[in-house]
Chemist: 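Before I ask anything, let me first share the structure, which is written out below as structure tokens.
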Protein chains: 2
Amino acid sequence: MTLPDAAENAADAAQMARICWYYFKEGQTQEAIAQRLKITRKRVNQILGDARQNGFVQITIASSIGPCHELETALVATFGLRQAIVVPSPLAGGDARPLVGAAAGQYVSEHLPPAGALGISWGGTINAAAQNLARRRGMNNRVVLLCGGLAESTLVNPYDNAAMMARALDATCYYITAPMFAESRTLRDALVASEPIRSVLAMVPTLDLALLSAIDLSKQSKPLEYGVISRATWQSLRDAGAVGDICGHYLDAEGHTVDHPLTSLVVSPKLDDLRRVPELVLAAGSRQKVAIIRAAIRAGLCHVLITDEDAAKDLAQG
Amino acid sequence: MTLPDAAENAADAAQMARICWYYFKEGQTQEAIAQRLKITRKRVNQILGDARQNGFVQITIASSIGPCHELETALVATFGLRQAIVVPSPLAGGDARPLVGAAAGQYVSEHLPPAGALGISWGGTINAAAQNLARRRGMNNRVVLLCGGLAESTLVNPYDNAAMMARALDATCYYITAPMFAESRTLRDALVASEPIRSVLAMVPTLDLALLSAIDLSKQSKPLEYGVISRATWQSLRDAGAVGDICGHYLDAEGHTVDHPLTSLVVSPKLDDLRRVPELVLAAGSRQKVAIIRAAIRAGLCHVLITDEDAAKDLAQG
DNA sequence: CACCAGACGACACATATGTGACGTCAATGG
DNA sequence: CCATTGACGTCACATATGTGTCGTCTGGTG
């Protein structure tokens, strides 16, 4: 597999754009396009597939009434949210993250002010959001990654996420150049106090919007699967009552931070700084995240919730 | 045929949104969606077709390098434009207006400030633009129609255009409640001086952006075809040296207004008022419009040009 | 020079999609 | 009450699409 969003060279990009134009805008058949451009139909097919894959073409559904309108109003009413966006859950019980992420990308595109500063956390949902941002050029946006990095690159790496997001917005990107979890409390404190990291964390209260995702501690949790946290840590976090984390802050069902050694190792913005962001958008879907979503809302970390139908139903019912 | 963009009722809209979501976002097959929703595949197919037709789903190609990048830079350089957007011409020599309009809609979506005031002229291109606007809600936009109406409703009617545009932006719409061409000069003057019309025309200098289209005087000109102007008038305009009009102002190849009786009958904003709009976007494509496009640029009525490849080539070369 | 990996073209074929023909049924109007 | 009409379901079928296989070419690489 090539790089997920290889910009390739200009000629290729132009041809891709042309093919997409003929196909999606003009409604030409792949065969016709292939003949016109003197390439094989298969090639056209491939290019179109790639283009959809990596967000080169974006499909937006412009409707004042979304498909799950009742659930949205129910969530707003129940939790006192500013807004809720609920997208249909995947039919075949598939992965909700690309879908929730797509909606999140669209939301951010529409709500991040020009020259705005965007904070992001990381994960598959955020990754999908990045691919669904409307591209901006030269608007002086800033992207701030709200967590440290992972040494071992998994499929979804925080730095990758942030870079992709920044590229889509033509934004300057600010990274926390530290591991997500420091090895010791002393090291964590030293890192947080040290220059490049302190200055990035200091940007948090100046953000215009933060796009947060929720990481759950269920058995199907991705970080567990990818080995971001060990099984032992996972178990002890659960024992401590945690249902997941938002940006490295582990919360119990009530939305209070749990008492656990890990909490003093995390390099991330303070909760109070996060709460100072004028618009906190939480993008997280699927049943396994219901508990942490509810906790996040209770913790005052969610003004706008973007989720899927399954999770929304559970949330709305109680 | 039903209304082109019948909003239908909420339930229908929600189902349409859901179907589009499953199909375009999740990539489900029409068959699968039909089964899931207990409707026939044909119905799904129809709904998807409708949705694409009337701009319910919008497909945008997010590329920094468009398919005709060289032509764009050439046009900017040659004519001193702020920006040029060139889209591929229709393959089978079809109608360029929906394509140019689609690009125009996207441009306006991205450049009209929140709570901005948008002026529009009319025609098939503008119509297509309206269907390709990103929907806005409650942003207090305003839409001002920059020409009078037509008594006889053709396929593309100015009032229709404006209403569609306003609906997409959830904007208040201001119409010039007068015919496009008054019967006599006296009547024109009386109309322009009279209340509802004067106040709308007075809004022109306060616009943030105007989306203009160009009407040519070639034999294939749509207004001629639809009988908006008589053949005799058409001939006399050509004899007077006119190559087309922008918002009712007939220009010769050099961009000067022509001397012709019709010019004193048109109910429309003054050229100087138009020129005061900070961003004039001209959306017009196909070869037959090259002359009037060039005239409009020379007349200072075009900061941003959105056109198609054929026209762009002619413009750049000649 | 021999070799090999990978890109690409030429098929081939199973599905998916768009559309037409035709029958049914319910609402509408005389 | 009955005829008309139009919306919608079923079936059918021509295209369009996505994907797999195989052979060729090309550009490294030892």
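Below, chain A is the first sequence line, B the second, and so on; all start at residue 1. All figures in this text were calculated on a predicted structure; none of them were measured in a lab.
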Chemist: Taking side chain to side chain donor-acceptor pair (under 3.5 Å) as the test, write out the residues that go with B/Gln220, two or more places apart.
Modeler: B/Ser218
Chemist: Does anything in residues 94-108 of chain A form a salt bridge (charged side-chain N to carboxylate O under 4.0 Å, His left out)? List the pairs, not counting sequence neighbours.
Modeler: A/Asp95-A/Arg97
Chemist: Can you give me the N/O atom pairs linking the protein to nucleotides 17-21 of chain C at distances under 3.5 Å, or say none if there are none?
Modeler:
{"residue": "C/dT17", "atom": "OP1", "partner": "B/Tyr23", "partner atom": "OH", "Å": "3.0"}
{"residue": "C/dT17", "atom": "OP2", "partner": "B/Thr29", "partner atom": "OG1", "Å": "2.7"}
{"residue": "C/dT17", "atom": "OP2", "partner": "B/Gln30", "partner atom": "N", "Å": "2.8"}
{"residue": "C/dG18", "atom": "OP2", "partner": "B/Gln30", "partner atom": "NE2", "Å": "2.7"}
{"residue": "C/dG18", "atom": "OP2", "partner": "B/Asn45", "partner atom": "ND2", "Å": "2.9"}
{"residue": "C/dG18", "atom": "N7", "partner": "B/Arg41", "partner atom": "NH1", "Å": "3.3"}
{"residue": "C/dG18", "atom": "O6", "partner": "B/Arg41", "partner atom": "NH2", "Å": "2.7"}
{"residue": "C/dG20", "atom": "N7", "partner": "B/Lys42", "partner atom": "NZ", "Å": "3.2"}
{"residue": "C/dG20", "atom": "O6", "partner": "B/Lys42", "partner atom": "NZ", "Å": "3.0"}
{"residue": "C/dA21", "atom": "N6", "partner": "B/Lys42", "partner atom": "NZ", "Å": "3.4"}

Chemist: Quick one: A/Arg43 CZ to C/dG6 C1', roughly how many Å, whole number?
Modeler: 13 Å
Chemist: Given atom CD of A/Gln46 and atom P of C/dC8, what is their separation to the nearest angstrom?
Modeler: 8 Å
Chemist: Using whole Å, report how far CG of B/Asp12 lies from C1' of D/dC8.
Modeler: 14 Å
Chemist: Can you tell me which residue pairs pass the salt bridge (charged side-chain N to carboxylate O under 4.0 Å, His left out) test with a partner in residues 14-34 of chain A, sequence neighbours excluded?
Modeler: A/Arg18-B/Glu309, A/Glu31-A/Arg41
Chemist: Could you name each residue pair satisfying ring-ring contact (aromatic ring centres under 6.0 Å, His included) that touches residues 35-59 of chain B, not counting sequence neighbours?
Modeler: none
Chemist: Hey, are the side chains of A/Arg135 and A/Gln58 touching, using non-hydrogen atoms and a 4.5 Å cut-off?
Modeler: yes
Chemist: Over how many whole Å does the gap from A/Ile39 atom CD1 to C/dA7 atom C1' extend?
Modeler: 14 Å
Chemist: Specify the separation, in whole Å, of atom CD1 of A/Ile47 and atom C1' of C/dG9.
Modeler: 14 Å
Chemist: Go through the structure and list residues passing salt bridge (charged side-chain N to carboxylate O under 4.0 Å, His left out) with A/Asp50, not counting sequence neighbours.
Modeler: none
